[in-house]
Amino acid sequence: MLKRCLPLLVALWVGSWLNAQETTVYTEAYAAFKRAEVFFADGLFAKAQTEYRKTLDLLHPANHVEQRILNTQAELGYAQSAVRLEQPDAEKLILDFIRNNAPDPIANEALIELANYYFDTRDYDKAAQYLARVPVNGLSKEDRSSVQFRLGYAQFVKKDFTRAKANFQAIKDLETQYFYAANYYLGLCHFYEGNYDLAVRQFRLVERSNKYDDYIPYYTTQIYFAQRRFDELIAYAEPRLNDPKLKN
């Protein structure tokens, strides 16, 4: 009887030992990942990348669902750290991650990270290239506004007013932190295209914002002058001449 039960007992013991080992490894990997997240949030990207690498090394190979999820998150963090550190292989790491994980939403997170990096470094050509690939329909209202405003701004800088206008138009009514910015640049698109009535409509809306109200009179007076609406120009501009905050 003992001989018959012995293989089963050995198998159970080995299985229990392996489970304990995997649990220990996962616990250590998770601890390294959490340290990486703290370092990343604090802007210590080199330290964060080291901890993300440690997470990946501990989890290799990732055999269970929880391990695979953590492994994917660590891969993204490692690639994002590379982007922030401006490492030579950063773009490749992000693009490989996107290719390997699409169409999972986490791939979009990586794509936005890469696009935002180029936007923040004022490489608007590459920023527009990657922002245009983000599927905005699946994003939250705030994230969608962020993506489409940045894409619109990148196009605006390149004087592609038609495309920029379309992106600003798509988010101009969304109550997000980009509400006034989108309407301001939409107004500028109309202004540079010579659609002055539409520009004034946007500027009147934006003038309620403390961030842009110092700039609006400059464009509004130009519009009234171009349209030869001199009485309105005088009535609008004269009370503002002594405002020290006004730009231009």
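Count residues from 1 along the sequence.
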### Task
Any pair with a residue in residues 38-51 that passes side-chain hydrogen bond (donor to acceptor under 3.5 Å, both in side chains), sequence neighbours left out, goes on the list, sorted by first then second residue, please.
Arg35-Glu51, Gln49-Gln87
### Task
Go through the structure and list residues passing ring-ring contact (aromatic ring centres under 6.0 Å, His included) with Tyr212, not counting sequence neighbours.
Tyr184
#### Entry: Counterpart residues, side-chain contact (heavy atoms from CB on, under 4.5 Å), relative to Glu109 (two or more places apart)
Leu76, Gln80, Ile106
### Evaluation steps, side chain to side chain donor-acceptor pair (under 3.5 Å), between Tyr178 and Gln148
CA-CA 10 Å; Tyr178 299 96; Gln148 291 202 263; over 6 Å; no
### Task
Please assess Phe45 against Phe40 for the test ring pair (Phe, Tyr, Trp, His ring centres under 6.0 Å), listing each intermediate value before the final yes or no.
CA-CA 5 Å; Phe45 303 118; Phe40 191 93; 5.1 Å; yes
### Task
Check step by step if side chain to side chain donor-acceptor pair (under 3.5 Å) holds for Asn101 and Glu75.
CA-CA 11 Å; Asn101 290 279; Glu75 283 182 345; 4.5 Å; no
### Query
Phe97: what forms a ring-ring contact (aromatic ring centres under 6.0 Å, His included) with it, not counting sequence neighbours?
none
### Task
List for me each residue that meets salt bridge (Lys or Arg N to Asp or Glu O under 4.0 Å) alongside Glu232, sequence neighbours excluded, and say none if there are none.
Arg229
### Query
Are any non-hydrogen side-chain atoms of Glu113 and Arg84 less than 4.5 angstrom apart?
yes
### Task
With sequence neighbours left out, write down each residue that passes side-chain contact (heavy atoms from CB on, under 4.5 Å) with Ala199, or none if nothing qualifies.
His190, Phe191, Phe203, Ile223
### Task
Can you tell me which residue pairs pass the salt bridge (charged side-chain N to carboxylate O under 4.0 Å, His left out) test with a partner in residues 142-156, sequence neighbours excluded?
Asp120-Arg150
### Query
Testing Ile171, Asn167, Leu174 for side chain to side chain contact (heavy atoms under 4.5 Å, CB included) with Phe149, which one passes?
Ile171
### side-chain hydrogen bond (donor to acceptor under 3.5 Å, both in side chains) partners of Tyr78, counting only residues at least two apart
none
#### Entry: Nearest heavy atoms of Tyr236 and Pro217, plus distance in Å
OH-CA, 3.4 Å
### Task
Could you please spell out the steps behind the side-chain contact (heavy atoms from CB on, under 4.5 Å) verdict for Asn71 and His60?
CA-CA 8 Å; Asn71 189 82; His60 184 75; 5.9 Å; no
#### Entry: Ala128 versus Lys158, closest heavy-atom pair with distance
CB-NZ, 4.3 Å
### Query
So which pairs with a foot in residues 89-100 pass side-chain hydrogen bond (donor to acceptor under 3.5 Å, both in side chains), sequence neighbours left out?
Glu91-Tyr118, Glu91-Lys126, Glu91-Tyr130, Lys92-Asp96, Asp96-Arg99
### Task
Mind checking side-chain contact (heavy atoms from CB on, under 4.5 Å) for Asp57 and listing every partner two or more places apart, or none if nothing turns up?
Arg53
#### Entry: Donor-acceptor contact below 3.5 Å, side chain Thr221 vs main chain Ala237
no
### Query
Mind checking what makes side-chain hydrogen bond (donor to acceptor under 3.5 Å, both in side chains) contact with Ser145, not counting sequence neighbours?
Thr176
### Summary
The ring-ring contact (aromatic ring centres under 6.0 Å, His included) partners of Phe161 (sequence neighbours excluded) come to Phe156, Tyr192
### Query
Any side-chain heavy-atom pair from Lys54 and Glu28 closer than 4.5 angstrom?
no
### Query
Which heavy atom in Leu93 sits nearest to a heavy atom in Ala79, and how many Å separate them?
CB-CB, 3.9 Å
